[in-house]
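All chains are named by letter (A, B, ...) in the order of the sequence lines, taking the proteins before the strands, and each is independently numbered beginning at 1.
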2 protein chains.
Amino acid sequence: MSASGSDLTPLVRKLESIASLSVEERQAVESMPATVRLLDARQDIVRDKDQPAHCCLVLSGWTCRYKLLNQGKRQIFSFHVPGDLPDLQSLHLRVMDHSLATVTACRLAFIPHESMRELTIQFPGLGAALWRDTLVDAAIFREWMIGIGRKTAFGRIAHQFCEMYLKLEAVGLAAAHRCELPITQVDIGDALGLSNVHVNRVLMDMRSQGLITLRGRALVIEDWRALCAAGEFDPAYLHLEPGAS
Amino acid sequence: MSASGSDLTPLVRKLESIASLSVEERQAVESMPATVRLLDARQDIVRDKDQPAHCCLVLSGWTCRYKLLNQGKRQIFSFHVPGDLPDLQSLHLRVMDHSLATVTACRLAFIPHESMRELTIQFPGLGAALWRDTLVDAAIFREWMIGIGRKTAFGRIAHQFCEMYLKLEAVGLAAAHRCELPITQVDIGDALGLSNVHVNRVLMDMRSQGLITLRGRALVIEDWRALCAAGEFDPAYLHLEPGAS
DNA sequence: CGTCGTATTGAATGGGTTCAAGTAGCGTGG
DNA sequence: CCACGCTACTTGAACCCATTCAATACGACG
């Protein structure tokens with residue numbers, strides 16, 4: 001189905017969190033052609049080796065990027081929440097080198113590459129904002145590398161929870177150190193290079209230490225300071241604008 | 001010291017390997033102001049938390065990006081060779097979230113952010129090429145995440161050697177499966193999340209299997225196919241243009 | 001020719017995996 | 001309304017890849 005103007009509001013809000021938009025820029029963003037689709041949980045959106053002609057914008061739900069290895073192993077590279085453009089990179093890299101899938105049921109908007117490219121050329125400020133977004137993406141990859149390479153399982157998971165909370169808070173989907181966490185322990189393991197068994201043991205440990213409460217999909221960070229300390233979490237790498245609450 | 005026109009030739013060559021340049025674009029790149037500096041091995045170029053006003057272009061030598069953790073641990077994110085812009089991201093992320101240092105003695109050119117930004121606005125094609133470069137950067141991070149998270153030490157090192165060889169070959173610094181490898185076993189360990197002791201054992205193993213020869217700084221890949229297989233190496237993620245030999 | 005960084009080798013230890021089994025929660029349909 | 005079946009979660013025990021600690025060899029360079 002085709003998008004009405006208000007469908008791209010999450011994108012406008014996202015861009016405004018990166019740069020201040022002029023009236024023309026805002027209108028240009030909102031008037032981009034977009035197709036909205038609803039997907040169930042655990043569906044591929046774009047696959048490894050595809051050559052997509054659209055960018056995907058998450059309107060609601062969670063998505064993740066991943067790659068399958070031999071022997072059924074899977075590495076998750078990132079989780080994405082409403083307002084994110086999880087395959088923005090496909091704008092300038094023709095062939096996908098990984099897959100993008102839904103985690104929960106999602107409402108997604110698809111914007112033609114052509115429109116995005118015209119936008120970035122006509123409004124260099126918007127181009128810079130989008131470029132910046134992909135650079136923060138890369139910064140998060142680097143931080144994950146540190147976790148996977150150099151931290152204990154406990155530290156990795158603690159760090160992950162801190163990061164997820166701040167990302168959700170930044171788009172108004174979390175507050176008071178509470179948020180929804182619609183991913184399984186297998187997902188966490190696949191993201192952090194751990195077995196689901198060990199993820200479970202660490203979560204048990206965190207609970208028994210009173211750091212978190214996790215029942216179903218409800219995550220409560222009971223001791224933010226201690227969790228940050230355990231994960232050596234410093235949010236500088238997220239490059240969040242100061243004052244965004 | 002100030003740069004003469006020919007100093008930026010490596011950048012032109014790099015950009016031409018990404019996109020085809022018009023005469024005007026080529027001239028615009030070559031006429032950017034640049035300061036050339038010589039640095040010894042193991043010197044920081046830009047540090048974590050700095051707010052640089054220039055981009056660094058590697059003219060000769062190797063550099064690496066890294067971050068220090070507590071307890072003296074270090075994670076290396078990437079190695080960079082002539083033609084690379086290792087801190088291009090600082091163009092749109094004001095604060096450094098990691099450091100950049102020389103590995104060997106280097107000849108480096110520093111280009112003001114201001115000039116780079118003007119270039120990308122005046123020539124959107126060049127802007128896209130540079131953006132693309134940072135996207136490939138991110139793709140390499142993702143591939144390293146897979147290695148660190150999901151591969152054995154043997155596979156990780158094999159993959160790393162394959163990647164390094166192709167990167168060097170792409171800029172004419174390697175051929176016939178031979179290249180210079182001016183990094184220590186500690187560096188390899190810091191990049192792949194391994195101890196130097198274990199790196200050494202794996203290298204011994206690789207030699208005894210006849211996969212590589214490594215004497216001093218001279219790496220010879222004796223069995224390219226087998227090394228690729230061991231590292232599950234598929235160069236798609238490097239997004240090299242076909243036909244760039 | 002000594003010295004410092006790098007490489008090499010051995011032995012003990014440990015964090016995390018793997019295999020295996022059992023439990024809890026939840027949507028579906030009889 | 002409860003049985004069923006699926007998925008996610010939980011727990012135990014054995015194993016292993018890689019780390020750590022420690023000692024030794026090499027090799028470039030002043």
Side-chain angles (χ1 to χ4, degrees), chain A residues 40-43 62 64 69 71-76 102-105 147-160 180-208 212-219 230-231, chain B residues 40-43 62 69 71-76 101-105 147-160 180-208 212-219 230-231:
Chain A
D40 286 338
R42 308 286 165 183
Q43 305 295 309
W62 282 42
C64 75
L69 317 177
Q71 297 160 7
K73 292 182 179 182
R74 181 177 65 147
Q75 177 69 49
I76 292 179
T102 61
V103 174
T104 65
I148 298 174
R150 292 293 174 197
K151 287 179 188 166
T152 64
F154 198 99
R156 284 182 233 184
I157 296 176
H159 190 280
Q160 187 65 218
E180 198 193 357
L181 192 76
I183 60 178
T184 68
Q185 296 181 359
V186 173
D187 292 331
I188 297 174
D190 284 349
L192 302 180
L194 297 167
S195 68
N196 58 338
V197 174
H198 201 57
V199 169
N200 182 267
R201 280 192 245 270
V202 171
L203 289 180
M204 287 303 190
D205 196 7
M206 281 184 174
R207 281 188 264 232
S208 75
I212 61 165
T213 306
L214 180 56
R215 290 169 54 91
R217 294 180 156 193
L219 172 67
Chain B
D40 286 338
R42 308 286 165 183
Q43 306 295 309
W62 281 42
L69 316 178
Q71 297 159 6
K73 292 181 178 183
R74 180 177 65 147
Q75 177 70 48
I76 291 179
T102 61
V103 174
T104 65
I148 299 174
R150 293 293 174 197
K151 287 179 188 167
T152 64
F154 198 99
R156 284 183 233 184
I157 296 175
H159 190 280
Q160 186 66 221
E180 199 192 355
L181 192 76
I183 59 178
T184 67
Q185 295 181 357
V186 173
D187 293 331
I188 296 174
D190 284 349
L192 302 180
L194 296 167
S195 67
N196 57 341
V197 174
H198 201 57
V199 170
N200 182 267
R201 281 192 243 270
V202 171
L203 289 180
M204 287 303 188
D205 195 7
M206 281 184 175
R207 282 188 264 232
S208 75
I212 60 164
T213 306
L214 180 55
R215 289 169 55 91
R217 295 181 156 192
L219 171 67

What is the per-nucleotide protein-contact pattern of nucleotides 25-30 of chain D, from the 5' end, where B denotes a base atom under 4.0 Å from a protein heavy atom, S denotes such proximity for sugar-phosphate atoms only, and - denotes neither?
------

Report yes if some heavy atom in the side chain of A/Arg207 is under 4.5 Å from a heavy atom in the side chain of A/Met204; otherwise report no.
yes

Looking at every heavy atom in both A/Ala153 and A/His198, which two are closest together, and how far apart are they?
CB-CD2, 3.4 Å

For B/Thr184, enumerate each residue passing the side chain to side chain donor-acceptor pair (under 3.5 Å) test, keeping only those at least two apart in sequence or located in another chain.
B/Asp187

Need two values: the first and the last nucleotide of DNA chain C, 5' to 3', having an atom under 4.0 Å from any heavy-atom of chain B.
C/dT6 to C/dA11

Counting the atoms with a prime plus P, OP1 and OP2 as sugar-phosphate, which does A/Gly193 contact under 4.0 Å by heavy atoms, base, sugar-phosphate, or nothing?
sugar-phosphate

Quick check: does any side chain N or O of B/Thr102 sit under 3.5 Å from a backbone N or O of B/Arg42, one acting as donor and the other as acceptor?
yes

So do the side chains of B/Gln160 and B/Ile183 get within less than 4.5 Å of each other, counting heavy atoms only?
no

In whole Å, I'd like the distance from the NE2 atom of A/His198 to the P atom of D/dA13.
17 Å

Non-neighbouring partners of B/Asp205 that pass side chain to side chain contact (heavy atoms under 4.5 Å, CB included), sequence neighbours left out:
B/Phe154, B/Ser208, B/Gln209

Any chance you could measure A/Ile76, atom CD1, to A/Leu192, atom CG, to the nearest 0.5 Å?
9.0 Å

Taking the side chain as every heavy atom from C-beta outward, state whether B/Ile212 and B/Leu203 have any pair of such atoms under 4.5 Å apart.
yes

With sequence neighbours left out, write down each residue that passes side chain to side chain donor-acceptor pair (under 3.5 Å) with B/Thr213, or none if nothing qualifies.
B/Glu222

Min side-chain heavy-atom separation A/Asn196-A/Asn200 under 4.5 Å
no

Letter per nucleotide, 5' to 3', of nucleotides 4-11 of chain D [B base touched, S only sugar-phosphate touched, - untouched; heavy atoms, 4.0 Å]:
----SSBB

